[in-house]
Amino acid sequence: MKRNVVIATIAAVALIGGGTATALTVTGDDEAVAKKTVTVSNDDTNRHDVDNADGTAQDRAEDQSARATDEDAEDKAENAADAKAGQITAADAIRAALKHTTGTAVAADLDDEGTAHVWEVDVLTNGGAWHSIQIDPANGKVRGSHTEKDDDGDDAAETAQVRAALKGSSVTAAEAAEAAAKGTVTSVDLDEESTDQAWEVDTTAADGTGSDWRVNPDSGKVTADRSND
């Protein structure tokens, strides 16, 4: 009489943690060994893995949210410091720069140079030279100036583009700064590359919240700039 003998090699770890094990079945003394594969699944372990994945994703989202909040707070604090330093307005800084160097003011930025703030005003002279004039934001005095060098050979093309954008316009950089003074103006810059050319003005509220504005160079109309939202 033939006997069926099953030699189970399923390890305890497979039964507990889930996995695949192989059992050897022998039918008779001289017959070939047959293999049977048994797959053991452990639902608790799978659920634990899913829970871990969910927890990790949640932790990651919370960390990202915290970092974003910290960065936003730091930006606001920096903006507020810049605004507080600008006792001389952007319009007054531009006028002071033009008294020093005759031409057309194309940009003015309240920059943080090391431990001190300074207004950097870019002026395009009638002869086509670019000058950068530094104005003290505390008293409106000229700290220094220098002629910009055309290191990349783009000055001629940029000058032509700026002149074309300002041709026939009636709103100056100083007037654009005053028109968009919905807070402290920290920068004024001519956007000569867009099809709807305009003065771009950045302002900062008392709490450090920054806003972007566009001022039409012909009409002086102010609109909110949503391109960075």
Side-chain angles (χ1 to χ4, degrees), residues 70-125 129-149 155 158-159 161-162 165-166 169 171-194 197-217 220-229:
D70 290 342
E71 290 172 359
D72 187 52
E74 290 176 3
D75 289 342
K76 285 186 176 182
E78 184 177 350
N79 290 341
D82 289 343
K84 188 176 181 180
Q87 299 178 38
I88 297 299
T89 67
D92 287 340
I94 291 170
R95 294 187 181 104
L98 291 176
K99 285 182 180 179
H100 180 273
T101 303
T102 302
T104 301
V106 179
D109 293 287
L110 184 59
D111 292 332
D112 181 0
E113 294 190 344
T115 58
H117 286 78
V118 64
W119 279 108
E120 288 275 358
V121 183
D122 294 337
V123 175
L124 174 61
T125 66
W130 287 89
H131 290 266
S132 179
I133 298 95
Q134 294 80 45
I135 304 296
D136 193 318
N139 53 34
K141 293 182 178 180
V142 176
R143 285 186 180 178
S145 66
H146 63 273
T147 303
E148 298 286 351
K149 295 182 179 180
D155 273 10
E158 183 179 358
T159 298
Q161 197 171 27
V162 167
L166 292 176
S169 66
V171 179
T172 66
E175 291 169 339
E178 290 175 330
K182 304 176 186 300
T184 300
V185 175
T186 54
S187 75
V188 184
D189 196 5
L190 178 66
D191 177 16
E192 73 276 5
E193 297 180 351
S194 300
Q197 295 156 343
W199 290 105
E200 295 180 326
V201 182
D202 295 343
T203 63
T204 299
D207 65 353
T209 301
S211 300
D212 301 327
W213 309 93
R214 292 179 69 81
V215 180
N216 188 291
K221 181 180 179 181
V222 180
T223 56
D225 184 0
R226 303 297 185 189
S227 60
N228 294 326
D229 292 350

Write down the atom of [X], the atom of [Y], and the distance for their closest heavy-atom approach.
X	Y	value
Val185	Ala180	CG2-O, 4.2 Å
Ala179	Gly220	CB-O, 4.3 Å
Ile135	Ala97	CD1-N, 4.0 Å
Thr147	His131	OG1-CE1, 3.1 Å
Trp213	Val222	CE3-CG1, 4.0 Å
Val188	Ala90	CG2-CB, 4.3 Å

Quick one: pull up [atom1] in [X] and [atom2] in [Y] and give me the separation to the nearest 0.5 Å.
X	Y	atom1	atom2	answer
Trp119	Asp109	CH2	CG	7.5 Å
Ile88	His117	CD1	NE2	14.5 Å
Asp189	Asp202	CG	CG	8.5 Å
Asp111	Thr186	CG	OG1	10.0 Å

For [X], what residues pass the side-chain hydrogen bond (donor to acceptor under 3.5 Å, both in side chains) criterion, not counting sequence neighbours?
X	value
Glu200	Arg214
Glu192	none
Ser132	Glu120, Gln134

Quiz item: Should Asp191 and Glu193 count as side-chain neighbours, where that means a heavy-atom distance under 4.5 Å?
Solution: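 Yes, close enough: below the 4.5 Å cut-off.
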Quiz item: Would you say the side-chain atoms of Asp207 pair up with the backbone N or O of Thr209, donor to acceptor, closer than 3.5 Å?
Solution: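 Side chain of Asp207 to backbone of Thr209: a pair is present.
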May I have the list of side-chain donor-acceptor pairs in residues 98-106 shorter than 3.5 Å, sequence neighbours left out?
none

Quiz item: For Glu175, which residues count as a side chain to side chain contact (heavy atoms under 4.5 Å, CB included) partner, sequence neighbours excluded?
Solution: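 Partners of Glu175 under the side chain to side chain contact (heavy atoms under 4.5 Å, CB included) test: Val171, Thr172.
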Exercise. Report the residues that fulfil side chain to side chain contact (heavy atoms under 4.5 Å, CB included) with Asp136, sequence neighbours left out, ordered by chain and then residue number.
Key: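 Partners of Asp136 under the side chain to side chain contact (heavy atoms under 4.5 Å, CB included) test: Ala138, Asn139, Arg143.
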Quiz item: Hey, which of Thr125, Val162, Val123 is the one that makes side chain to side chain contact (heavy atoms under 4.5 Å, CB included) with Trp130?
Solution: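 By the side chain to side chain contact (heavy atoms under 4.5 Å, CB included) criterion, Trp130 pairs with just one of Thr125, Val162, Val123: Val162.
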